[in-house]
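Notes follow once the structure below has been shown.
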Amino acid sequence: MVAYKTIVVGTDGSRSSYAAVDRAAAVAASCDATLVIACAYFPTRQEDVDKAQDVLGDEAYQVVGSAPAEDTLHTAHDRAIAQGAKQVQTVPVQGEPVATLLKVLKEHSADLLVVGNRGLNTLAGRILGSVPSEVARKSNSDVLIVHTT
């Protein structure tokens with residue numbers, strides 16, 4: 001069996017993406033690999049920030065910039081540790097999910113990418129593409145698609 005050294009997993013904070021984090025962490029624990037958890041986000045437009053501040057006041061920081069991604073990564077980190085992963089890094093990355101996952105994969109010289117299967121079996125996923133199908137086609141490393149739905 002191949003022992004992976006660096007594993008990348010993507011999360012968006014959804015229940016299914018956390019299931020992928022759990023599986024990636026279990027694999028990382030069994031291989032004594034480094035787990036890199038990535039979360040893609042888009043910067044918030046100033047008009048959206050202003051609206052959030054009007055509605056949320058001091059709590060608006062939670063929807064500005066990378067704050068939601070950081071919260072997602074914190075939760076994913078804790079889940080990974082609970083699954084036995086010992087070396088866990090988190091990376092918030094600005095951009096769309098497929099490109100950012102491939103970028104993180106390359107930057108960390110990872111040999112395994114783990115994603116959930118959400119979107120694979122939907123009509124929109126078949127017509128427009130989905131994150132798991134796109135990364136599986138474009139990745140130069142092994143891809144584990146975890147059944148999460």
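Since the model is a prediction, treat every value here as computed from it, not as a measurement.
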Derivation of the side-chain contact (heavy atoms from CB on, under 4.5 Å) call for H77 and Q89: CA-CA 8 Å; H77 179 274; Q89 300 173 17; over 6 Å; no

By salt bridge (Lys or Arg N to Asp or Glu O under 4.0 Å) - contacts of R23 (at least two apart): none

Please tabulate, one pair per line, all N/O donor-acceptor pairs under 3.5 Å involving side-chain atoms of residues 98-106, not counting sequence neighbours.
| unit_1 | atom_1 | unit_2 | atom_2 | d |
| --- | --- | --- | --- | --- |
| T100 | OG1 | E96 | O | 3.0 |
| T100 | OG1 | P97 | O | 3.0 |

A85 to V88 - nearest heavy-atom pair and separation: CB-CG2, 3.7 Å

Euclidean distance, S109 OG relative to K5 NZ, rounded to 0.5 Å: 11.0 Å

Value rounded to 0.5 Å, distance of NZ in K86 from CG in D32: 7.0 Å

Gap separating the CG atom of N117 from the OG atom of S16, nearest 0.5 angstrom: 7.5 Å

Reported CZ-to-CD distance for the pair R79 and Q83, which is rounded to 0.5 angstrom: 7.5 Å

Nearest-0.5 Å distance that lies between atom CG in L144 and atom CG in L112: 6.0 Å

Check: D111/S141 side-chain N/O donor and acceptor closer than 3.5 Å: no

Distance-minimising heavy-atom pair for L73 and P92: CD1-N, 3.4 Å

T72 side chain reached by D12 side chain, heavy atoms, under 4.5 Å: no

Heavy-atom closest pair, residues A136 and V143: CA-CG2, 4.1 Å

Contact summary for A29 and G84, nearest pair of heavy atoms: CB-O, 3.3 Å

Flag if over 12 foreign heavy atoms under 6.0 Å of CG, D78: yes

Flag for Y4-D142: side-chain donor and acceptor within less than 3.5 Å: yes

Over all atoms of both residues, closest heavy-atom pair of G116 and A20: N-CB, 3.7 Å

Nearest non-hydrogen partners of A110 and V8, listed with the distance: CB-CG2, 3.6 Å

Working for side-chain contact (heavy atoms from CB on, under 4.5 Å), residues Y41 and V93: CA-CA 6 Å; Y41 72 93; V93 187; 5.7 Å; no

Straight-line distance of Q87 CD to I81 CD1, nearest 0.5 Å: 10.0 Å

Given V36, I37, V114, the one that forms side chain to side chain contact (heavy atoms under 4.5 Å, CB included) with I7: V114

Which residues share a side chain to side chain donor-acceptor pair (under 3.5 Å) with K138, sequence neighbours left out: E134

